[in-house]
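Let me begin by presenting the structure, written as structure tokens, before commenting on it.
Heavy-atom basis, side chains included; hydrogens, waters and symmetry copies ignored. Keep in mind that what you see is a predicted model, and the values were worked out from it rather than measured. We number each residue from 1, following the sequence as shown. Both counts, for ligands and for their atoms, begin at 1 and track the order of listing.
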Amino acid sequence: MKIILATNNQNKLREAREIFSPLGIEILSQKDAGISVNSEENGTTFAENALIKARAVYELVHLPVIADDSGLCVDALGGAPGVYSARYAPEHLLCETLLENMKNVPEKQRTAKFITAVAFIDQNGSEITLEGTCAGVIGFEKRGVNGFGYDPVFMFGEKSFAELEPEQKNAVSHRGQAFRNLYEYLKNHVQQEEN
Ligand code: IMP
């Protein structure tokens, strides 16, 4: 079975390939599928945005598609930046902007979670969405050099996400969790089709 991952992000592709290959599922990039899509993420939830991305690809190829949409929800900011995580500030200033907006928030109130919604559309056009979350705390300064986005200020226990190796992060992250939830769903789905 081949599934297209609706992304141009190499890290997401690598992660999805690691998770889905034991099922005999080959993950294709948009480029592998010979398409180029940049859909507008104008939904109000992660699940809506994941579906928007997946449908844009499905309409072009009518093959199975996975898409994901993620963001950081900070309790002290009423869930912001949430679905606006990528647009909260220019990419290189995301952490600085968040730290500045939380400079008066005490340690106990700095709880946050990353959320990923993953959408899957099968070859017949049936859609499902699943979620993965990872709870942590927003630190007071940037730490570590790995990862991207808000990783340097997202504290998972004693370390920031940017201080973890990619495999360590994937094992606990929102995206890893959402992909693994989809893995479980597909395992049953694929088995049912085989029976
Ligand atoms: P996307 O929908 O997965 O592309 O994520 C949207 C935005 O959320 C990204 O541009 C990042 O700013 C933020 N984000 C999502 N996942 C992560 C993560 O694992 N670490 C840090 N930031 C993330």
Side-chain angles (χ1 to χ4, degrees), residues 4-19 27 29-30 36-57 65-75 77 79-102 110-120 129-139 141-157 159-182:
I4 300 168
L5 184 64
T7 187
N8 293 315
N9 182 320
Q10 291 304 319
N11 289 323
K12 287 186 186 176
L13 280 165
R14 184 179 38 77
E15 202 179 333
R17 283 178 178 142
E18 280 166 16
I19 291 173
I27 299 290
S29 68
Q30 296 185 161
S36 166
V37 191
N38 241 336
S39 43
E40 203 188 337
E41 295 171 34
N42 52 10
T44 56
T45 63
F46 297 113
E48 269 183 63
N49 279 337
L51 275 173
I52 289 170
K53 291 185 219 179
R55 284 175 188 151
V57 171
V65 184
I66 297 171
D68 73 301
D69 191 64
S70 312
L72 178 66
C73 299
V74 180
D75 294 326
L77 302 178
V83 289
Y84 303 106
S85 292
R87 291 163 273 175
Y88 193 51
E91 175 75 22
H92 67 289
L93 292 176
L94 287 173
C95 291
E96 282 77 4
T97 306
L98 181 61
L99 289 175
E100 175 63 22
N101 291 343
M102 291 188 64
R110 296 176 78 90
T111 48
K113 64 181 170 202
F114 272 122
I115 300 182
T116 294
V118 61
F120 173 67
T129 59
L130 297 162
E131 210 174 84
T133 62
C134 181
V137 169
I138 304 304
E141 61 189 8
K142 288 169 72 173
R143 283 173 52 170
V145 295
N146 299 334
F148 69 102
Y150 299 93
D151 281 347
V153 294
F154 185 81
M155 300 300 296
F156 184 77
K159 288 190 174 177
S160 81
F161 259 8
E163 291 176 309
L164 299 181
E165 295 303 322
E167 312 75 57
Q168 294 176 312
K169 179 183 163 186
N170 293 347
V172 296
S173 81
H174 46 311
R175 194 172 304 100
Q177 193 64 53
F179 280 162
R180 283 189 294 275
N181 287 342
L182 181 60

Would you call the rings of H174 and F161 parallel, tilted or perpendicular, taking 30° and 60° as the class edges?
parallel
So is D69 in contact with ligand 1, going by heavy-atom distances below 4.0 Å?
yes
Does F161 come within less than 4.0 Å of ligand 1, judged by its heavy atoms?
no
Below 4.0 Å, non-hydrogen atoms only: which portion of [X] touches ligand 1? Side chain, backbone, both or neither.
{"X": "F148", "value": "both"}
{"X": "K53", "value": "side chain"}
{"X": "L94", "value": "side chain"}

Per-atom contacts of ligand 1 with [X], taking only distances under 4.0 Å to non-hydrogen atoms:
{"X": "D151", "value": "18 (C), 19 (O), 20 (N), 21 (C)"}
{"X": "K169", "value": "18 (C), 19 (O), 20 (N)"}
{"X": "K12", "value": "1 (P), 3 (O), 4 (O)"}
{"X": "H174", "value": "16 (N), 17 (C), 18 (C), 19 (O)"}

Name the closest protein heavy atom to [atom], giving the residue it belongs to and the distance to 0.1 Å.
{"atom": "atom 16 (N) of ligand 1", "value": "R175 NH2, 2.7 Å"}
{"atom": "atom 22 (N) of ligand 1", "value": "Y150 N, 3.2 Å"}
{"atom": "atom 5 (O) of ligand 1", "value": "S70 O, 3.4 Å"}

Looking only at non-hydrogen atoms, which of A89, A67, A86, P81 approaches atom 7 (C) of ligand 1 most closely?
A86
Under 3.5 Å, is there a donor-acceptor pair between the side chain of [X] and the main chain of [Y]?
{"X": "Q168", "Y": "E165", "result": "yes"}
{"X": "S85", "Y": "L72", "result": "yes"}
{"X": "D69", "Y": "N49", "result": "no"}

Are a donor atom and an acceptor atom from the side chains of T116 and D68 found within less than 3.5 Å of each other?
no
Side-chain donor-acceptor contact under 3.5 Å, Q177 with S173:
no
Quick one: are E18 and N170 in side-chain contact, heavy atoms under 4.5 Å?
yes
Start with the C-alpha gap between R110 and D75, add the side-chain angles, then the distance that decides, and say whether salt bridge (charged side-chain N to carboxylate O under 4.0 Å, His left out) holds.
CA-CA 7 Å; R110 296 176 78 90; D75 294 326; over 6 Å; no
